[in-house]
S.K.: 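Attaching a single structure in structure tokens format; questions to follow.
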Amino acid sequence: MSDLPTPTITITQEQVEFFRTNGFLAIQSITTPDEIERMRAAYDDIFTRRAGRDDGMEFDLGGADEDDQVAVLPQILDPLRYAPGLRNSLYQANALAISKQLLGEQAQPHGSHAIFKPARYGSVTPWHQDEAYWSPDFIYNSLGVWMPLQEATLENGCMQFIPGSHRLEILPHHHINNDPRIHGLEVDEGVIDLCPAVACPLSAGGATFHFSRTFHYTGPNRSDIPRRALILGFGTPAIRRDQPLDLYWQRQTNTTAAKKREAAARRQAKKEGEKGETVKG
Ligand SMILES: O=C(O)CCC(=O)C(=O)O
């Protein structure tokens, strides 16, 4: 994030308090319409060419991710790596500045992903806590910033949150449909009351912020336009736990994408080993 523009937004103390009390916050604008238009072209391009698929970075978050099946919830991890048009944005600059207000000055970028809900059949992103996906070895002070690249509504899958749920432990999750080939996780039925859910419709270029333990969900896309979201993570340095948590659902994971990522990491390690040999030799 070295070449970021100067941030243009600060939030009020009242908004900081709202976030700390409820575990989420919605703001109506985090960047400009021009930037959204530029980003939308770059975003559509990486989903059209399924950038990162061979390395396990593009996959179906909501399905078994078979090559011959239509993906119901395509996701790309680290989309900025594949799309120069998504880099060095005012969105990143403002998201970082606001994250520092919410988490403390030490807040730094902590991953990014993009989730695309195809028009008419894009599926739900079930209720979950982000930390259910993360390493059980650390204590986090992190949040996600979610920005839609078109209007986000109840009809196409805007974000919904359970107020105050950031104060809960990580509750039991399972793979969607209890199918370990599916990357997406869902909280077990009945362990949390979902009635208090608050929906946050937004204009293009608005944003929500949520703590990494806040329960959130987006509905299916029943509209005639795709729903695009670009998500940035931020956090202060994670602290190692004395005793790891038992997030047993992670041990059940058996996705094709995870295997591809492991193979890509082995290829990269081999390449670096060979480079080291050349330098020494
Ligand atoms: O965009 C979505 O459908 C879900 C987003 C999400 O789960 C997140 O930002 O953590």
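In each ligand, atom 1 is the first atom listed, and ligand 1 is the first ligand listed. Please read all numbers here as calculations on a predicted model, not as lab measurements. Excluded from the calculations below are hydrogen atoms, water molecules and symmetry mates; all remaining heavy atoms, backbone and side chain alike, are included.
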S.K.: Under 4.0 Å, heavy atoms only, figure out whether ligand 1 is touched by the backbone of Leu73, its side chain, both or neither.
M.R.: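 Neither; nothing of Leu73 gets under 4.0 Å from ligand 1.
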
S.K.: Run the salt-bridge test on Lys260 and Asp54 with the 4.0 Å N-O cut-off and return the result as yes or no.
M.R.: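 No, no charged N to carboxylate O under 4.0 Å.
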
S.K.: Should the pair Asp3-Arg87 be classified as a salt bridge under the 4.0 Å nitrogen-to-oxygen rule?
M.R.: no

S.K.: Considering only heavy atoms of Lys117, which atoms of ligand 1 have at least one such atom less than 4.0 Å away?
M.R.: 3 (O)

S.K.: Any atoms of ligand 1 less than 4.0 Å from a non-hydrogen atom of Trp146? List them with their elements.
M.R.: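 By the 4.0 Å cutoff, the relevant atoms are 1 (O), 2 (C), 5 (C), 9 (O).
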
S.K.: Just which atoms of ligand 1 are under 4.0 Å from any heavy atom in Asp130?
M.R.: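 The atoms of ligand 1 under 4.0 Å from a heavy atom of Asp130 are 10 (O).
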
S.K.: Identify, by atom number and element, the atoms of ligand 1 in contact range of Ile115, meaning under 4.0 Å from any of its heavy atoms.
M.R.: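 Taking each heavy atom of Ile115 in turn, ligand 1 has 1 (O), 2 (C), 4 (C), 5 (C) under 4.0 Å.
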
S.K.: I need the atoms of ligand 1 closer than 4.0 Å to a non-hydrogen atom of Ile231, numbered in the order shown.
M.R.: 9 (O)

S.K.: Salt-bridged, Asp246 to Arg251, with N to O below 4.0 Å?
M.R.: yes

S.K.: Parallel, tilted or perpendicular: which fits the ring planes of His110 and Trp134, with parallel below 30° and perpendicular above 60°?
M.R.: perpendicular

S.K.: Would you call the rings of His216 and His210 parallel, tilted or perpendicular, where under 30° means parallel and over 60° means perpendicular?
M.R.: tilted

S.K.: Distance to 0.1 Å, residue and atom name: give those for the protein heavy atom nearest to atom 4 (C) of ligand 1.
M.R.: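 Scanning the protein heavy atoms, the shortest distance from atom 4 (C) of ligand 1 goes to Thr125 CG2, 3.6 Å.
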
S.K.: So which heavy atom in the protein is nearest atom 8 (C) of ligand 1, and how far is it from that ligand atom?
M.R.: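 The closest heavy atom on the protein side is His216 NE2, 3.5 Å.
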
S.K.: Under the salt bridge (Lys or Arg N to Asp or Glu O under 4.0 Å) rule, what do Arg213 and Asp130 come out as? Steps first, then yes or no, please.
M.R.: CA-CA 6 Å; Arg213 283 196 180 194; Asp130 290 337; over 6 Å; no

S.K.: Counting from 1, what ligand 1 atoms have a heavy atom of Thr218 closer than 4.0 Å?
M.R.: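 Once the distances to Thr218 are compared, the set is 2 (C), 3 (O), 4 (C).
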
S.K.: With atoms numbered from 1 as shown, which atoms in ligand 1 lie under 4.0 angstrom from a non-hydrogen atom of His128?
M.R.: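 What qualifies from ligand 1 is 7 (O).
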
S.K.: Are Arg40 and Asp44 ion-paired here, with the side-chain N under 4.0 Å from a carboxylate O?
M.R.: no

S.K.: Hey, are Glu58 and Arg50 close enough for a salt bridge, meaning a charged N less than 4.0 Å from a carboxylate O?
M.R.: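 A salt bridge links Glu58 with Arg50.
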
S.K.: Just need the protein heavy atom nearest to atom 2 (C) of ligand 1, so name the residue and atom and give the distance.
M.R.: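 Protein heavy atom with the smallest distance to atom 2 (C) of ligand 1: Arg227 NH1, 3.4 Å.
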
